[in-house]
Amino acid sequence: MVRLNKYLSDAGVCSRREADRLIEAGRVSVNGIRAVTGMKVEPFQEVRVGKKIIGGRRERIVLAVNKPVGIICTEERRERKSIIRYLNYPERITYAGRLDKDSEGLLIMTNDGDLINGMMRARYGHEKEYKVTVDKPVTEEFLLQMAGGVRIRDTEKGLDVVTRPCRVEGMGKHTFSIVLTQGLNRQIRRMCESLGYNVKRLVRVRIMNVRLGGLKPGAVRKLTEQELMGLYEQIEERQNAGTGRDAE
């Protein structure tokens with residue numbers, strides 16, 4: 001059995017939150033009886049939204065992809081180097097968080113709209129870890145400045161912003177790791193540029209509890225059950241914490 005809101009989400013009708021609103025509004029029925037919030041259904045039961053019968057649940061697909069340099073995170077199929085065309089996956093999936101064209105590494109690709117929404121909401125502060133190579137020696141001063149926050153231009157809002165404090169650690173003469181909890185456009189590159197450095201290579205090695213590991217460039221794998229469980233648990237915890245803050 002599965003919760004009705006998740007059933008509707010997995011069937012591609014809407015997000016779970018929107019499903020709850022439809023249920024509360026009396027627009028959803030199960031076997032001809034008005035549904036109630038929180039109820040569970042079996043795959044063989046007839047679920048309707050209005051007069052429309054909702055089909056069985058889709059298989060939930062959540063993939064780890066090692067995006068190569070030069071591939072673009074866009075759903076525009078006319079773009080020859082789009083990630084969608086590059087993967088040519090047999091089911092409709094999309095990315096939960098972009099990587100720019102010149103960057104490489106871990107992407108989460110899925111058909112689960114709730115997962116995408118949960119991962120993309122900036123206020124939840126999900127961790128993303130990167131390995132970065134720059135054109136000059138990495139100094140302690142540089143690492144401290146990166147960790148404390150750097151003033152950059154938020155191109156979406158047209159304002160100067162100071163990036164959130166983050167964890168930064170030197171890894172070699174020209175290499176460091178950085179863990180971000182926000183996702184401004186080309187953030188790491190612009191942070192480095194503000195401090196007089198240019199990024200030569202940028203690899204995302206972790207999103208939340210999912211690690212790139214030994215996945216080769218261009219390769220794809222399904223997330224393990226343990227990874228999926230950890231991913232959904234983190235999202236639910238953050239959403240619940242966010243709901244609590246919003247209610248105060």
Side-chain angles (χ1 to χ4, degrees), residues 1-65 75 84 89-98 106-128 164 180-183 206-211 220-248:
M1 296 184 76
V2 64
R3 283 187 179 274
L4 180 55
N5 61 356
K6 184 170 182 354
Y7 180 96
L8 293 173
S9 172
D10 288 347
V13 176
C14 57
S15 70
R16 279 187 281 182
R17 291 187 178 183
E18 179 61 27
D20 283 334
R21 287 192 281 269
L22 291 173
I23 294 166
E24 290 170 3
R27 296 185 57 196
V28 183
S29 65
V30 178
N31 289 347
I33 300 172
R34 178 173 170 169
V36 295
T37 304
M39 74 181 296
K40 294 184 177 182
V41 295
E42 298 280 5
F44 57 81
Q45 291 181 295
E46 182 186 270
V47 177
R48 290 177 181 255
V49 176
K51 295 182 179 180
K52 182 179 179 181
I53 298 177
I54 306 305
R57 292 177 293 156
R58 299 174 300 165
E59 176 191 3
R60 181 178 63 187
I61 300 168
V62 188
L63 307 175
V65 178
E75 291 191 332
I84 305 300
Y89 200 75
E91 302 288 337
R92 186 182 185 280
I93 56 173
T94 191
Y95 42 86
R98 300 171 182 242
L106 182 61
L107 274 180
I108 300 294
M109 304 281 293
T110 183
N111 63 351
D112 186 338
D114 283 323
L115 177 61
I116 294 171
N117 290 338
M119 292 178 66
M120 294 295 289
R121 291 188 183 277
R123 70 174 183 268
Y124 297 147
H126 298 307
E127 288 190 347
K128 297 175 286 291
R164 290 178 192 166
L180 299 181
T181 57
Q182 67 185 133
R206 177 172 65 87
I207 299 173
M208 299 164 68
N209 64 304
V210 182
R211 295 186 177 275
V220 178
R221 68 170 177 84
K222 290 187 176 181
L223 266 61
T224 66
E225 285 300 319
Q226 185 175 1
E227 286 174 325
L228 281 172
M229 188 179 301
L231 198 62
Y232 282 97
E233 283 178 354
Q234 285 190 45
I235 288 172
E236 186 171 359
E237 286 172 5
R238 294 283 184 169
Q239 286 177 334
N240 291 339
T243 301
R245 286 196 301 271
D246 292 344
E248 291 175 356

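Because the structure is predicted, anything quoted here is derived from the model rather than measured.
The OG1 atom of Thr94 sits 12.5 Å away from the CD1 atom of Ile108 when rounded to the nearest 0.5 Å. Remark: Ile54 CD1 to Tyr7 OH distance equals 7.5 Å, nearest 0.5 Å. In this structure, CG on Asn5 lies 10.5 Å from CG on Leu22, to the nearest 0.5 angstrom. Atom-to-atom distance recorded for Leu228:CG and Glu233:CD is 11.0 Å, nearest 0.5 angstrom. Between Thr181 atom OG1 and Lys128 atom NZ the span is 7.5 Å, to the nearest 0.5 Å. Interatomic distance, Ile93 CD1 to Asp112 CG, rounded to the nearest 0.5 Å: 12.5 Å.
The salt bridge (charged side-chain N to carboxylate O under 4.0 Å, His left out) contacts involving residues 19-32 comprise Glu18-Arg21, where partners must be two or more places apart or lie in separate chains.
In this structure, Asn111 contributes its side chain and Ile61 its backbone to a donor-acceptor pair below 3.5 Å. Arg206 contributes a side-chain N or O that, together with a main-chain N or O of Met208, makes up a donor-acceptor pair within less than 3.5 Å. Distance alone, capped at 3.5 Å, places no donor-acceptor pair between the Arg3 side chain and the Lys6 backbone. Side chain of His126 to main chain of Gly118: a donor-acceptor pair is present (N/O by atom type, distance under 3.5 Å, no hydrogens or angles).
Between Gly97 and Leu107, the shortest heavy-atom distance links the atoms O-CD2, 3.1 Å. Heavy-atom minimum distance, Met119 versus Ile235: CG-CD1, 3.7 Å. Nearest heavy atoms, Val65 versus Met109: CG2-CG, 3.5 Å. Contact record, Ser9 with Arg16: CB-CG, 3.8 Å, taken as the closest heavy-atom pair. The two atoms that bring Val30 and Ala35 nearest to each other are CG2-CB, 4.2 Å, heavy atoms only. Between Leu223 and Ala64, the shortest heavy-atom distance links the atoms CD1-N, 3.4 Å.
For the pair Arg221 and Glu227, the salt-bridge criterion is met [side-chain N within less than 4.0 Å of a carboxylate O].
Here the side chains of Val62 and Lys222 are not in contact, with every heavy-atom distance at 4.5 Å or above. At a threshold of 4.5 Å between non-hydrogen side-chain atoms, the residues Ile53 and Val47 do not count as touching. Using a 4.5 Å heavy-atom threshold, the side chains of Leu115 and Leu231 count as touching. Considering only heavy atoms from C-beta on, Tyr89 comes within 4.5 Å of Leu63 through its side chain. Between Asn31 and Arg48 the shortest side-chain heavy-atom distance does not fall below 4.5 Å.
Other residues, nucleotides and ligands place no more than 12 heavy atoms under 6.0 Å from the CD atom of Glu236.
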